[in-house]
Colleague: 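The structure under discussion is supplied below as structure tokens; questions concerning it will follow.
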Amino acid sequence: MKRLFLFLSITTICLSLHGQQIVKSGAFHPERLARIDRVVQSYIDSNWIVGAVCLVMKDGKPAYFKAFGMDDKEKGRPMHKDAIFRIASQTKAITSTAVMMLWEEGKFLLDDPVSKYIPSFASPKVLDKFNEKDSSYTTLPAKREITIRDLLTHTSGLGYAQIGSAKMQAIYAKAGIQAGFSDHKQLLADAVNKLGTLPLEFNPGERFNYSLSIDVLGRLVEAASGMSLDRFFAERIFTPLGMNDTYFHLPETKRGRLVTAYTEDAKTRKPVKWVDGTFPGSSINYPVNNNGYFAGGAGLVSTITDYAAFLQLFINKGNYLGKQLLAKHTVDVMTRNQIGDISLGDDKFGIGFQLTTAKGSGKLGLSEGSISWGGFFATSYWADPKEKLSGLLFLQQWPLKHSELSDKYKVLVYQALN
């Protein structure tokens, strides 16, 4: 009964049209849409993944919504639609949205140097020589300072702790910088202030490099708003969007819905339960260990319906259920190429999202202008404003040898459109 109540609550609160059931309209061919079932189930039957939740929204309504497999295979606990996932880097788009909300209020300009608001980033240095034996290094003065726009577009020159280049991993490890999954109590302000004193991997604006930039922006939100990041998210984004299951720190009453994290056995490549501490210096228990670390780049947990509500905000040009969280032109800025000729494969990057280009649209069928990204633990999403469609596929596994499932899922959704 409790599980039924939670499911009804999340469906009513978090989807853009409250209380509505799956819409069987002419938008999708039912038999073609059912192909998703067969493909996802085949990955479970092959023991490549343990469980998944899939959601497709069309015209603001749920067109496909199913849970597959197990949350905890060893305990025989099935996956449920209201499961709470570690969404990791899907936090980045929410932090970027918070930044743009403050930009709209005149708190800063995107081409302001970040040192204007976080002084430790003044007079940045770029890595010159690096000694692998002891992680010592020499530096050269950067050609210019890091701007807020550089941070929003991952062109800041910062690296990524634990998943970036070997040199930057070593430098960050020596300084105690983590990739958002903190295993001990710390404050975002302290970590970001320390990060500002460390060398950059390259000069700002030179290239795209997935990085800790958005963690820095989380601190910018705090400095500009006078609120902690978790409070800003809750009051300014989550409450208006009805995202009632999205948190940095998951309440005890909801911890039974946190999905079991899996990794892969090194020999068989089959999923096995992830033991806390497996990933060096991090913790899969970051949502429940009360670490107080509001990492703007990776710290949140959420449900698939909560995140669908967030994506609907961009399909609706900044409006959700009559609430204008962003201006139409701000959404246009965020969903426009912000990296110019800098390479990102066939696609580009806006603010908070990867952007599908005309060339990129030929790969999987996503319309040009679609936005997308994912998270470390194999959650993924995209939103297609042209088709007024979003698709989300949430898993909880890293590494994932068969990560091609997320691309297959996109193909399966578009081939079902009438």
Side-chain angles (χ1 to χ4, degrees), residues 1-11 13-14 44 49-55 65-92 94 178-185 229-230 233-234 238 242-264 271-279 282-295 297-310 374-381 392-400:
M1 185 61 71
K2 182 178 180 181
R3 175 65 69 174
L4 176 62
F5 173 77
L6 289 170
F7 166 70
L8 292 174
S9 296
I10 197 168
T11 303
I13 294 171
C14 294
I44 293 170
I49 64 173
V50 175
V53 180
C54 304
L55 173 61
F65 189 16
K66 291 189 178 182
F68 295 87
M70 295 289 177
D71 169 345
D72 190 317
K73 186 175 182 180
E74 289 73 17
K75 293 182 178 179
R77 187 169 67 215
M79 184 69 76
H80 290 276
K81 294 178 184 178
D82 68 341
I84 295 174
F85 290 79
R86 301 161 186 82
I87 63 170
S89 285
Q90 290 189 200
T91 307
K92 289 179 170 66
I94 296 174
Q178 293 186 306
F181 311 142
S182 182
D183 55 6
H184 62 277
K185 281 187 175 294
L229 191 61
D230 66 329
F233 280 2
F238 299 160
M243 296 173 68
N244 297 325
D245 284 320
T246 305
Y247 302 92
F248 280 108
H249 182 67
L250 190 61
E252 289 189 16
T253 55
K254 298 186 178 185
R255 291 181 186 179
R257 293 162 55 199
L258 182 63
V259 176
T260 304
Y262 282 82
T263 184
E264 290 184 352
V272 293
K273 274 190 178 182
W274 190 331
V275 178
D276 186 24
T278 302
F279 184 57
S282 71
S283 171
I284 58 167
N285 288 328
Y286 74 89
V288 297
N289 66 9
N290 199 29
N291 59 37
Y293 190 57
F294 310 133
L300 291 174
V301 295
S302 189
T303 59
I304 204 167
T305 47
D306 269 17
Y307 213 84
F310 174 69
F376 181 84
F377 295 98
T379 56
S380 61
Y381 68 85
L392 303 95
L393 172 64
F394 279 18
L395 313 174
Q396 203 76 153
Q397 185 171 318
W398 185 90
L400 181 62

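For reference, positions follow the sequence shown, starting with 1.
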Colleague: Report the C-alpha separation of W274 and T260 in whole Å, then their side-chain angles, then the decisive distance to 0.1 Å, and conclude whether the side-chain contact (heavy atoms from CB on, under 4.5 Å) test is met.
Modeller: CA-CA 8 Å; W274 190 331; T260 304; over 6 Å; no
Colleague: How long is the span from the CG atom in L392 to the SG atom in C54, to the nearest 0.5 Å?
Modeller: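 So the gap between those two atoms works out to 9.5 Å.
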Colleague: Among all residues two or more places apart in sequence or in another chain, which pass the side-chain hydrogen bond (donor to acceptor under 3.5 Å, both in side chains) test with W398?
Modeller: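 For W398, no residue satisfies side-chain hydrogen bond (donor to acceptor under 3.5 Å, both in side chains) once neighbours in sequence are set aside.
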Colleague: So, for R86 and Q396, which heavy atoms are closest and what is the spacing to 0.1 Å?
Modeller: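 Minimum heavy-atom contact is N-OE1, 2.7 Å.
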Colleague: Using 0.5 Å steps for rounding, measure from the NZ atom of K73 to the CE atom of M79.
Modeller: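 Those atoms lie 12.5 Å apart.
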Colleague: Please give me the minimum heavy-atom distance between Y286 and S182, naming the atom from each residue.
Modeller: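 So the minimum-distance heavy-atom pair works out to CB-O, 3.9 Å.
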Colleague: Output, in order, the C-alpha distance, side-chain angles, deciding distance and verdict of salt bridge (Lys or Arg N to Asp or Glu O under 4.0 Å) for D71 and R257.
Modeller: CA-CA 9 Å; D71 169 345; R257 293 162 55 199; over 6 Å; no
Colleague: If every non-hydrogen atom of L400 is compared with every non-hydrogen atom of E264, which pair is closest and at what distance?
Modeller: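 Closest approach of L400 to E264, heavy atoms only: CA-OE2, 3.2 Å.
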Colleague: Between CD of Q90 and CZ of F310, what distance do you get to the nearest 0.5 Å?
Modeller: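 Taking CD in Q90 and CZ in F310, the distance rounds to 9.5 Å.
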Colleague: Could you work out, with salt bridge (Lys or Arg N to Asp or Glu O under 4.0 Å) as the rule, every residue matching K254, not counting sequence neighbours?
Modeller: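 Salt bridge (Lys or Arg N to Asp or Glu O under 4.0 Å) check on K254 returns D245.
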Colleague: Measure centre to centre between the rings of F85 and Y307, then say whether the value is under 6.0 Å.
Modeller: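 Centroid distance F85-Y307: not below 6.0 Å, so no.
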Colleague: Return the set of residues passing side-chain hydrogen bond (donor to acceptor under 3.5 Å, both in side chains) with S302 (not counting sequence neighbours), or none when no residue passes.
Modeller: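 Scan of S302 (side-chain hydrogen bond (donor to acceptor under 3.5 Å, both in side chains), adjacent residues dropped) gives T246.
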Colleague: With a 4.5 Å heavy-atom cut-off, do F233 and F248 have their side chains touching?
Modeller: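 They are in side-chain contact.
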Colleague: How long is the span from the CZ atom in F376 to the OG1 atom in T91, to the nearest 0.5 Å?
Modeller: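 With rounding to 0.5 Å, CZ (F376) is 13.0 Å from OG1 (T91).
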Colleague: Would you confirm whether Y247, through its side chain, and N244, through its main-chain N or O, come within 3.5 Å as a donor-acceptor pair?
Modeller: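 Present.
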Colleague: Crowded around E74 CD? As in, over 12 foreign heavy atoms under 6.0 Å?
Modeller: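 Counting other residues, nucleotides and ligands, CD of E74 exceeds 12 neighbours.
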Colleague: Calculate, to the nearest 0.5 Å, the distance between atoms CG and CD1 belonging to L395 and I44 respectively.
Modeller: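 Going from CG on L395 over to CD1 on I44, the span is 9.0 Å.
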Colleague: Checking side-chain contact (heavy atoms from CB on, under 4.5 Å) between S283 and each of N289, N291, V288, which is the one that passes?
Modeller: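 Looking at N289, N291, V288, the match for S283 under the side-chain contact (heavy atoms from CB on, under 4.5 Å) is N289.
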Colleague: In Å and rounded to the nearest 0.5 Å, what is the NE2 to CE distance from H80 to M70?
Modeller: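 Going from NE2 on H80 over to CE on M70, the span is 9.5 Å.
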Colleague: Restricting to non-hydrogen atoms, name the atom on I94 and the atom on M243 that form the minimum distance, rounded to 0.1 Å.
Modeller: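 Looking at all heavy atoms of both residues, the shortest contact is CD1-CE, 4.3 Å.
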Colleague: Between F238 and L300, is the side-chain contact (heavy atoms from CB on, under 4.5 Å) condition met? List the steps.
Modeller: CA-CA 12 Å; F238 299 160; L300 291 174; 3.9 Å; yes
Colleague: Under 6.0 Å between ring centres: does that hold for F377 and F181?
Modeller: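 Between F377 and F181, the centre distance is under 6.0 Å.
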Colleague: Is there a side-chain contact between I304 and K81 (heavy atoms, below 4.5 Å)?
Modeller: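 Of all side-chain heavy-atom pairs linking K81 with I304, none is under 4.5 Å.
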Colleague: Between Q178 and Y293, does the side-chain contact (heavy atoms from CB on, under 4.5 Å) criterion hold? Intermediate values first, please.
Modeller: CA-CA 11 Å; Q178 293 186 306; Y293 190 57; 5.6 Å; no
Colleague: Quick one: closest heavy-atom pair of V275 and I284, and the distance?
Modeller: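 Looks like C-CD1, 4.5 Å.
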Colleague: If you compare all heavy atoms of T303 against all heavy atoms of D306, which two are closest, and at what distance to 0.1 Å?
Modeller: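 Nearest heavy atoms, T303 then D306: OG1-N, 3.1 Å.
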